[in-house]
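Per chain, numbering begins at 1; letters A, B, ... match sequence-line order.
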Amino acid sequence: MSAVKTRFPPSPTGHLHLGGARTALFNWLFARHHQGSFVLRFEDTDRERSRQEYVDSIREALEWLGLEWDEGPYFQSERLDLYREYAHKLYQSGHAYYCECPPEELERKRKEALASGRKPGYDGTCREKDLGPGPGRVLRLRVPRPGVTVVEDLIRGAVSFDHSEIDDFILLRSDGSPTYHLAVVVDDLTMGITHVIRGDDHLSNTPKQLLLYRALEAPPPFFAHVPMILGPDGARLSKRHGARSVLEYREEGYLPQALRNYLVRLGWSWGDQEIFTLEEMIEKFDLSRINKAAARFDPEKLLAVNAYWLRATPTPELAEEVLPFLRKLGLPVPEDRRYLEEALETVKPRARTLLEAAEMLRFYLVEEIDYDPEAARKFLTPDIAPVLERLLEELSRVKFKDEPLERLFRGLAEETGLKLKKIAQPVRVALTGKTVSPGLFEIMRILGRERVLRRLRRALEFIRTR
RNA sequence: GGCCCCAUCGUCUAGCGGCCUAGGAUACUGGCCUCUCACGCCAGAGACCCGGGUUCGAGUCCCGGUGGGGCCGCCA
């Protein structure tokens, strides 16, 4: 297979969501795997709904995911003359004809047919009228009747459609603009697309496009219809679940490599392997391992994969990524990068997203920590005060390394006859304000003597005045 | 409603006629580790939609049913 060329053709009528992102990923991977090229094309022939804002956000999302395109972006709105040219060819060759049926009339017939249980398609009123172009007229494809068109799908095999199921669909609207089917075919043809990899919601559309290739006497590309991504409830993906923009996932602290990893495993597999680097995906990706059944989006698993990649990311790199989230939470960013990294190191195995990591870093960054009321009530009690007093003394002498600190605490536990836990929890609350946190000794080591002593004194003060 | 696609643990999936006593991941439960929570490790529970065939043998092939999804626009 030489000179593979794939494309991703979103219509800029919304943000890039999970389904689109996976389609883009599959196309990109297939192209990369075959050392081919990947084209970005905006299908913006619907002028009513297309927005520049979405063009920008889709580009941004693709870039964030690392799916760089080799060609484009192209805009269908800039290629209108080309579509008209092809439409004219179709009209000239008798493969298409003009239709003057008013839209309201068609709509009425459609509803009527649906209500009485018949096919809602166009009834062919103008098919033999031999009309020329004119105001208010649309151009329709003259679908050969009778006939059958077979889609040779790379994933599903041969799927045949009887032409009685395909109506004479519109190629050119009454305003002269092309509809989806015409534009896609002309674009894929003129851009030299070799493989069309898209959601299987397009499978039923494929015979229409095949008919166009045939009318144009042009060879069609290969088609591969991948199963759709459904919401956790099995219904079509909607805003509620995963149809959220991929940029929203970025905002929530997901890593692009995690999103890619999760998405590539939705419908594609390579034995038992769950974790893939970009290089592995490119090396291993192929159409034959794509599943046929629709997959449900599982936010929990996405979170798990994200947690994995968070842990797998080198701390200095992660520190860079967490910065925007610290700002978002209004936390002071320490000028000492080393301090941030050490703190992050302790939070890394506990966070599932960058946002969570940032939140967990809070007590390292603010000088005045807030006590969780419940935690303070339970652990900052008068009976522990003597121990904290004692600790204050010892801590001004001890070396602030994990081992000496741990030895100090264990010694103190033995001396007082208290369980280590009984001492650790109040100190944890004193230092972090919470009952859960990274390991106590590493926290102390990182915070440093000065901060630790200050927080312990404040805890004692709190106990006295409660 | 017509046509099309699909069907393995809750979810993502492995399986391409005997290797399946159906494997992995995630979620869940229990244990270990332990200063809390995670991480990590160990263990457990959990699926071949139903019914017919074909075959010595079916999760794997065929047919039907059921269920889910998609398409049927002057949207893409």
Quiz item: Going through the checks in order, is the salt bridge (Lys or Arg N to Asp or Glu O under 4.0 Å) test met by A:Asp402 and A:Arg445?
Solution: CA-CA 6 Å; A:Asp402 293 30; A:Arg445 182 196 79 226; 2.8 Å; yes
[N], OP1 or OP2 - any side-chain N/O from [X] closer than 4.0 Å?
{"X": "A:Arg110", "N": "B:rG73", "answer": "yes"}
{"X": "A:Arg236", "N": "B:rC71", "answer": "yes"}
{"X": "A:Thr45", "N": "B:rA76", "answer": "yes"}
{"X": "A:Arg410", "N": "B:rC35", "answer": "yes"}

Please give the nucleotide sitting opposite [N] as a Watson-Crick or G-U wobble pair, both distances under 3.5 Å, or none.
{"N": "B:rC71", "answer": "B:rG2"}
{"N": "B:rU54", "answer": "none"}
{"N": "B:rC35", "answer": "none"}
{"N": "B:rC49", "answer": "B:rG65"}
{"N": "B:rA25", "answer": "B:rU11"}
{"N": "B:rG17", "answer": "none"}

Quiz item: Looking at RNA chain B, which of residues 350-361 of chain A put a heavy atom within less than 4.0 Å of it?
Solution: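 A:Arg350, in order of number.
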Practice problem: Compute the ring centroids of A:Trp28 and A:Phe8, then answer whether they are less than 6.0 Å apart. | Solution: no
Quiz item: Taking for each residue the nucleotide of RNA chain B with the nearest heavy atom, is it A:Asp175 or A:Thr435 whose nucleotide lies nearer the 5' end?
Solution: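 So the residue in question is A:Thr435.
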Practice problem: May I have the distance from A:Glu345 (atom CD) to B:rC39 (atom P), rounded to whole angstrom? | Solution: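 Nearest whole value for this atom pair: 16 Å.
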Quiz item: Rounded to whole angstroms, how far apart are CD on A:Glu48 and C1' on B:rC74?
Solution: 11 Å
Practice problem: List for me each residue that meets salt bridge (Lys or Arg N to Asp or Glu O under 4.0 Å) alongside A:Asp286, sequence neighbours excluded, and say none if there are none. | Solution: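 A:Arg289.
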Quiz prompt | Set of side-chain hydrogen bond (donor to acceptor under 3.5 Å, both in side chains) partners for A:Glu321, sequence neighbours left out | solution =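 By the side-chain hydrogen bond (donor to acceptor under 3.5 Å, both in side chains) rule, A:Glu321 matches no residue at all.
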Quiz item: If the P atom of B:rG67 is compared with that of B:rU29, how far apart are they to the nearest Å?
Solution: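 To the nearest whole Å, 34 Å.
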Exercise. Enumerate the residue pairs fulfilling side chain to side chain donor-acceptor pair (under 3.5 Å) with a member in residues 410-424 of chain A, sequence neighbours excluded, ordered by first and then second residue.
Key: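 Qualifying pairs, neighbours excluded: A:Arg390-A:Glu415, A:Glu406-A:Arg410.
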Quiz item: side chain to side chain donor-acceptor pair (under 3.5 Å): which pairs involve residues 157-166 of chain A, sequence neighbours left out?
Solution: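 Passing the test, one end in residues 157-166 of chain A: A:Thr149-A:His163, A:Asp162-A:Ser164.
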Quiz item: Below 3.5 Å, does any donor atom in the side chain of A:Ser437 face an acceptor in the base of B:rC37, or the other way round?
Solution: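 Answer is no: no donor-acceptor pair is held.
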Practice problem: Answer yes when A:Arg41 and A:Glu43 have at least one side-chain N-carboxylate O distance shorter than 4.0 Å, and no when they do not. | Solution: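 A salt bridge links A:Arg41 with A:Glu43.
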Quiz item: Do A:Leu395 and A:Met444 have side chains that get closer than 4.5 Å, going by heavy atoms?
Solution: yes
Quiz prompt | Test item: A:Thr6 and A:His195 side chains (from C-beta on) under 4.5 Å apart, heavy atoms | solution =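 A:Thr6 reaches A:His195 side chain to side chain.
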Exercise. Would you give a per-nucleotide map of nucleotides 3-16 of chain B, 5' to 3', where B means the base has a protein non-hydrogen atom under 4.0 Å away, S means only the sugar-phosphate does, and - means neither?
Key: SSSSS--BSBSS--
Quiz item: Does atom CD of A:Glu48 have more than 12 heavy-atom neighbours from other groups under 6.0 Å away?
Solution: no
